[in-house]
Amino acid sequence: MIDISSNDITPKPLRVREFYLGRQPILDRNQGLFGYELLFRNAPVGPANITSDLSATASVIAHASQLGMEKVVGDALGFVNVDADVIMSDIFVFLPREKVVLEIVESMQVTPELRARISELVGHGFRFALENVVSDTAQVQELLPLVEYVKMDMRSVDPLTLASLAPRFKREQKKLVAEKVETREEFKTGLDLGFDYFQGYYFAKPAIMTGKKLSPSQLAVMELMTLVTSDADNVDIERAIKRDVSLALNLLRLVNTPAVGARQRIDSLSQAVSVLGRRQLQRWLQIMLYAEPSKRGHSMTPLLMLATTRGRLLELLAHKLRPAHAHSADVAFTVGIMSLMDTLFGVSMSEILKQIEVNEEVAEALLTRSGFYGDLLRLAECIERIEEREGEIVPTLRDLAMSPDDLVELEMAAYEWSDNVVRYAL
């Protein structure tokens with residue numbers, strides 16, 4: 001076995017290249033971003049010599065780490081499933097121990113050798129989570145002293161069991177993670193039971209509220225977007241921005257993020273308008289719609305992250321698939337960003353499209369997930385929910401004539417870009 005404390009080990013070339021990478025957000029009690037569970041799936045291309053998802057995990061993790069774990073998780077933690085083979089392997093030379101939490105499947109048989117190996121890794125600074133805990137078994141009790149996190153499925157464990165297990169694990173100073181949190185009611189239940197973290201997409205589901213009004217800042221952004229798209233003069237655009245001081249400051253902060261890639265610092269609004277151009281200015285205004293509510297307790301940070309990642313991924317996909325049509329990439333970005341506006345505003349997408357003028361292709365993509373942009377959006381949503389929608393990825397990739405390897409490369413770039421935006425926007 002390789003000594004994981006050594007720093008002079010050269011990673012061997014990896015054979016497993018084709019895989020999908022899903023990334024599910026884990027939020028804290030204030031709904032701020034804490035981490036991601038990284039979901040690796042072997043792509044069904046080439047010779048099928050891999051027996052299961054987890055048996056490929058070691059090679060896939062190594063590949064992802066070589067691409068750059070910081071691109072995948074940014075400032076957050078990455079939670080990764082590991083089985084006995086992976087734990088006993090030398091994969092850990094690839095992993096930045098300060099960035100990962102290793103998830104042990106609760107059903108895994110723990111031998112004395114395996115327990116000793118986990119203990120050794122803990123001694124080297126690796127952190128572990130016990131996943132899918134449904135009862136207080138002898139095996140759970142044996143592993144509990146070695147793990148920092150306990151993950152429980154809000155859907156498969158009955159409420160009475162949850163109510164008795166949560167305090168038991170809290171007494172042992174364990175951090176509790178509620179999995180499969182898909183509704184706001186489940187989030188509230190987890191809060192009441194003392195869970196520390198929440199994994200699921202409840203925050204991205206629209207809660208339609210009759211008569212909900214936009215905040216003053218959101219209204220200002222929407223009015224500014226109308227000016228930008230209606231070919232108003234630069235002077236009128238600058239004047240509109242200056243009327244809202246916080247809008248002006250936020251815009252200047254956003255346009256100076258590394259994600260913009262400006263060669264010099266942009267210090268004035270006139271400079272921002274002239275350097276960025278109309279299409280880029282519209283993009284940053286779209287992002288600001290999501291960034292503004294996050295000032296109030298960071299509650300919308302994950303939605304901002306999801307929207308910017310979707311927008312960028314769709315843009316990169318469109319650019320790769322239609323390299324001769326620069327306009328397609330801009331449209332794709334807009335589709336990705338707008339796809340979560342029903343959640344952001346608490347109104348239906350059809351209502352939003354009555355207020356924001358879009359062309360027919362964009363409307364089709366947002367309302368029915370049809371057409372070229374609809375295919376891109378559906379692919380992004382499948383990757384986000386890879387556990388439930390893995391089967392839809394292959395047909396969509398086939399329709400788009402794209403390989404899984406290309407997809408993962410673009411995902412990495414989208415994750416990194418989005419992380420830069422969110423880090424500087426808040």
State, without any angle test, whether Tyr373 and Thr334 hold a side-chain donor-acceptor pair at a distance under 3.5 Å. no
Please determine if Asp330 and Arg283 form a salt bridge, counting it only when a charged side-chain N lies under 4.0 Å from a carboxylate O. yes
Considering non-hydrogen atoms only, spot the tightest contact between Arg23 and Tyr201 and give its length. O-OH, 3.3 Å
Are the side chain of Glu186 and the backbone of Glu182 linked by a donor-acceptor contact shorter than 3.5 Å? yes
Please answer whether the main-chain N or O of Ala76 pairs with a side-chain N or O of Lys99 as donor and acceptor at a distance below 3.5 Å. yes
Does this structure show an ion pair linking Lys320 with Glu315, if we count only N-O contacts that are shorter than 4.0 Å? no
I'd like to know whether Asp153 forms a salt bridge (charged side-chain N to carboxylate O under 4.0 Å, His left out) with Arg155, so could you lay out the CA-CA distance, the side-chain angles of the two residues, the decisive distance to 0.1 Å, and finally the verdict. CA-CA 5 Å; Asp153 190 328; Arg155 302 230 150 169; over 6 Å; no
Would you list the pairs meeting salt bridge (charged side-chain N to carboxylate O under 4.0 Å, His left out) in which at least one residue belongs to residues 27-40, sequence neighbours left out? Glu37-Lys151
Considering the options Tyr36, Tyr197, Phe128, Tyr149, which one meets the ring-ring contact (aromatic ring centres under 6.0 Å, His included) requirement together with Phe79? Tyr149
Please report the shortest heavy-atom distance between Leu314 and Val335, naming the atom on each side. CD2-CG1, 3.9 Å
dist Leu176:CG -> Leu193:CG (nearest 0.5 Å) comes out at 9.0 Å
Aromatic Phe333 / basic Arg312 pairing, under 6.0 angstrom, 45° off normal: no
Taking all non-hydrogen atoms of both residues into account, name the closest pair between Leu77 and Glu98 and its distance. CD2-O, 3.5 Å
Distance-only, no hydrogens or angles: does the Asp419 side chain make a donor-acceptor pair with backbone N or O of Tyr415 under 3.5 Å? no
Would a distance-only check, ignoring hydrogens and angles, find a side-chain to backbone donor-acceptor pair under 3.5 Å from Tyr290 to Met341? yes
Is it true that Asp375 and Arg369 make a salt bridge, defined as a side-chain N closer than 4.0 Å to a carboxylate O? no
Can you tell me how far apart CD (Glu179) and CD (Gln24) are? Round to the nearest 0.5 Å. 8.5 Å
Strictly below 4.0 Å, N to O, side chains only: are Glu113 and Arg117 in salt-bridge contact? no
With a cut-off of 6.0 Å (strictly less than), are more than 12 heavy atoms of other residues, nucleotides or ligands near NZ of Lys188? no
If only side-chain N and O atoms count, and only distance matters, is there a donor-acceptor pair under 3.5 Å linking Asp399 with Thr396? no
Would a distance-only check, ignoring hydrogens and angles, find a side-chain to backbone donor-acceptor pair under 3.5 Å from Asn30 to Gly32? no
On a heavy-atom basis, which atom in Val221 and which in Leu285 lie closest, and how many Å separate them? CG1-O, 3.3 Å
Please report the interatomic distance CG(Leu33) to CG(Leu27), rounded to the nearest 0.5 Å. 6.5 Å
Please check if the number of heavy atoms outside Leu249 that lie under 6.0 Å from its CG is greater than 12. yes
Nearest-0.5 Å distance, CG of residue Leu317 to OG of residue Ser328: 12.0 Å
Just by distance, with hydrogens left out, do Thr137 and Ser135 show a side-chain donor and acceptor under 3.5 Å apart? no
Step by step, would you call Leu366 with Asp342 a side-chain contact (heavy atoms from CB on, under 4.5 Å)? CA-CA 10 Å; Leu366 292 170; Asp342 51 354; over 6 Å; no
Determine whether a donor-acceptor pair (N or O, by modelled atom type, separation under 3.5 Å) exists between the side chain of Glu142 and the backbone of Ala138. no
OG (Ser119) and CG (Leu143) are apart, to the nearest 0.5 Å, by 11.0 Å
Are Thr189 and Asp192 close enough that a side-chain donor and a side-chain acceptor fall under 3.5 Å? no
Nearest non-hydrogen partners of Asn132 and Ser156, listed with the distance: OD1-OG, 4.3 Å
Can you tell me if Ser418 uses its side chain to pair, donor with acceptor, with the backbone of Met305 under 3.5 Å? yes
Quick test of your reading of the model: are Glu148 and Lys175 salt-bridged, counting only N-O distances below 4.0 Å? yes
Scanning both residues in full, the closest heavy-atom pair of Val422 with Thr301 reads CG1-CG2, 4.0 Å
Could you walk me through whether Asp196 and Lys174 pass the salt bridge (charged side-chain N to carboxylate O under 4.0 Å, His left out) test, one step at a time? CA-CA 9 Å; Asp196 302 283; Lys174 303 304 165 188; over 6 Å; no
Reported CE-to-CD1 distance for the pair Met402 and Ile393, which is rounded to 0.5 angstrom: 13.0 Å
Counting only N and O atoms by type, is there a donor-acceptor contact under 3.5 Å from the side chain of Ser89 to the main-chain atoms of Val86? yes
From CA spacing to verdict: salt bridge (charged side-chain N to carboxylate O under 4.0 Å, His left out), Glu381, Arg385: CA-CA 6 Å; Glu381 290 172 330; Arg385 296 175 174 266; over 6 Å; no
Hey, does Leu379 have a side-chain heavy atom less than 4.5 Å from the side chain of Leu407? yes
